[in-house]
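Quick notes on the structure that follows.
Letters A, B, ... mirror the listed sequences (proteins, then strands); counts begin at 1. Just so it is clear, the values below take in all heavy atoms, side chains as well, and ignore hydrogens, waters and symmetry mates.
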Amino acid sequence: MLNVNGLQVFYGNIHAIKDVSFYVEEGEIVTLIGANGAGKSTILNTISGLIRPTVGTIEFLGQSILNLSPHKVVRKRLVQCPEGRRLFLQMSVKENLEMGAYTREENDIEAEMADVYRRFPILDERRNQLAGSLSGGEQQMLAMGRAMMAKPTLLMLDEPSMGLAPLLVEQIFELIVELNDSGTTILLVEQNAQMALSIADRGYVLETGSIVTTGNCADLLNDEELRKAYLGG
Amino acid sequence: MDFLSYLISGISLGSIYAIIALGYTMVYGIAKMLNFAHGDVIMVGGYMSFMATTHFGWPPLLSVLFAMAVCTLLGIVIEQLAYKPLRSAPALAVLITAIGVSYFLQNAALLIWSANPKSFSSVVFLEALRLFDGRLIISGTTIVTIIVCLVIILILNTIVNKTKVGRAMRAVSEDKDAAQLMGVNVNKTISITFAIGSALAAIAGVLLCSAYPILMPTTGAMPGIKAFTAAVFGGIGSIPGAFLGGILLGIIEILGKAYISTQLSDAIVFAVLIIILLVKPTGLLGKKVLVKV
Ligand SMILES: Nc1ncnc2c1ncn2[C@@H]1O[C@H](COP(=O)(O)OP(=O)(O)OP(=O)(O)O)[C@@H](O)[C@H]1O
Ligand SMILES: [Mg+2]
């Protein structure tokens with residue numbers, strides 16, 4: 001479904017991504033794990049079209065999306081829920097959800113809106129409140145809800161567990177699995193490797209811009225070196 | 001009674017400033033740039049309306065629509081040619097370009113219409129209103145200016161707060177990349193903003209020339225700077241702020257002229273701006289962005 005090949009990305013003369021290749025198949029949860037500054041967000045932003053790679057190809061559903069502007073990538077139902085949530089803090093909860101559905105017909109979004117409110121009753125209660133007045137956890141729920149409004153075929157999540165209490169992390173990961181069960185393919189970027197590997201099918205380990213290990217999550221969880229480096233022993 | 005009359009003149013002049021300031025503030029809010037050529041679009045609007053009525057003999061309302069159409073197009077072209085290539089350039093480069101565009105427009109006008117002032121005939125044919133046995137006279141132009149300003153602010157408010165385009169504008173204004181990730185075409189949104197701002201500048205130009213009927217290539221320069229001041233005064237980026245800032249600036253200017261000194265009225269206006277910014281650096285209605293981690 002998504003094929004990334006030989007990707008190289010520079011920020012000025014910083015070589016952030018060095019020859020990265022990976023793929024995601026329909027129906028999978030694939031996770032990209034790595035420490036701070038490994039290049040995870042850079043990869044997602046390159047796929048979304050926010051950053052242009054120097055070398056490499058990116059194909060989605062058999063078509064190159066390499067030179068598409070970000071707003072055109074979203075129209076292909078390839079949606080990113082960015083790091084740090086990036087909500088529109090001065091808009092209401094409802095308006096944020098409407099922004100999520102920006103590429104869709106306005107009279108066609110009621111079902112998803114209802115679904116988001118059903119999953120997150122707190123958002124329903126606060127629908128007319130400014131997103132900036134929500135707690136960190138509520139904001140993450142809204143960010144997930146906003147991404148769901150786009151009806152993604154492939155959803156890329158950038159560290160959805162960042163800064164959340166353990167209970168909330170559980171809830172977010174359960175939601176990811178549910179979304180996957182109902183047909184959404186997931187590309188999950190995480191620093192919380194344990195959690196990510198526990199729900200994903202396959203994983204890639206990224207270190208300073210290169211993929212160093214890949215495999216089934218079960219194998220990765222048993223990998224000695226990986227355990228030492230990312231899973232706390 | 002004098003005071004009331006001055007106050008109304010102030011509100012009327014302030015309404016023109018407000019209409020111009022709205023263009024400044026929207027472009028700043030969404031494209032994050034100060035379009036210093038905005039004032040000169042007003043002048044172009046004035047000339048277009050002048051040409052339409054005097055040379056083509058068109059009725060006033062049609063001349064206004066003509067001026068709006070030309071300025072809208074001009075705004076979009078300026079944005080595409082001068083500002084769009086600089087989207088990721090340093091702010092200073094954009095600012096200098098904007099000043100360059102401003103000089104270009106003034107000199108182009110000089111070439112086309114010469115430096116001789118044209119006497120503009122008002123597009124407003126409303127009878128003056130006489131109140132208190134004729135002790136208070138409000139001109140038709142004054143009344144129309146205030147009403148037009150109110151209508152514009154209501155329409156703009158509806159567009160920005162109630163429509164999809166308006167939501168996209170606010171999204172781009174708050175977080176350009178996040179807006180793109182939602183599927184918003186940022187370039188198109190910026191174009192629309194320039195179009196709206198320039199159409200408003202045309203209306204302001206016609207109203208300004210109707211109230212102060214001397215049209216020259218530099219006609220837009222001073223009102224442009226005053227309106228920019230008004231936008232900063234109210235909190236740049238804020239639409240209600242531009243409205244409030246414009247009206248207050250108009251009132252301060254007219255009252256300053258009437259009661260303190262005609263020569264010093266501009267100095268008073270800028271002194272008030274400096275004081276407000278010292279007390280409240282974000283302007284009257286400018287808001288701090290709340291961020292939660
Ligand atoms: N805008 C930028 N300009 C210059 N360098 C950048 C920029 N963004 C990222 N980098 C650099 O590129 C590298 C990869 O950054 P990236 O944000 O992709 O890492 P990450 O894996 O997402 O990290 P984190 O887990 O902290 O989010 C880092 O060395 C970073 O300093
Ligand atoms: Mg990151």
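- Heavy-atom neighbours of chain B within the stretch residues 67-83 of chain A, taken at a separation under 4.5 angstrom, comprise A:Pro70, A:His71, A:Val74, A:Arg75, A:Gln80, A:Pro82.
- When the heavy atoms of residues 21-58 of chain A are compared with those of chain B, the residues falling under 4.5 Å are A:Ser48, A:Leu50, listed by number.
- Counted by atom type alone, B:Asp40 and B:Tyr103 present zero donor-acceptor pairs between their side chains at under 3.5 Å.
- Between B:Tyr24 and B:Phe36, the ring-plane angle classifies as perpendicular under the 30° and 60° cut-offs.
- Of the possible polar contacts, none joining the B:His38 side chain to the B:Gly224 backbone as a donor-acceptor pair under 3.5 Å is found.
- With hydrogens and angles ignored, the 3.5 Å screen pairs a side-chain donor or acceptor of A:Glu190 with a backbone N or O of A:Ser161.
- No side-chain N or O of A:Gln129 forms a donor-acceptor pair with one of A:Ser92 less than 3.5 Å apart.
- Not one N or O on the side chain of A:Arg104 forms a donor-acceptor pair closer than 3.5 Å with the backbone of A:Ala150.
- Under 4.0 Å is where a charged nitrogen must lie from a carboxylate oxygen, and between A:Arg118 and A:Glu112 no such pair does.
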CA sep, side-chain torsions, deciding dist, call: A:Lys94, A:Tyr117, side chain to side chain contact (heavy atoms under 4.5 Å, CB included): CA-CA 10 Å; A:Lys94 180 160 178 277; A:Tyr117 286 147; 3.8 Å; yes

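- If you measure heavy-atom distances from B:Asn187 to chain A, you find no contacts under 4.5 Å at all.
- Of the charged side-chain nitrogens involved, at least one lies within less than 4.0 Å of a carboxylate oxygen, so that A:Glu178 and A:Arg119 count as a salt-bridged pair.
- A donor-acceptor contact shorter than 3.5 Å links the side chain of A:Arg146 to the backbone of A:Arg85.
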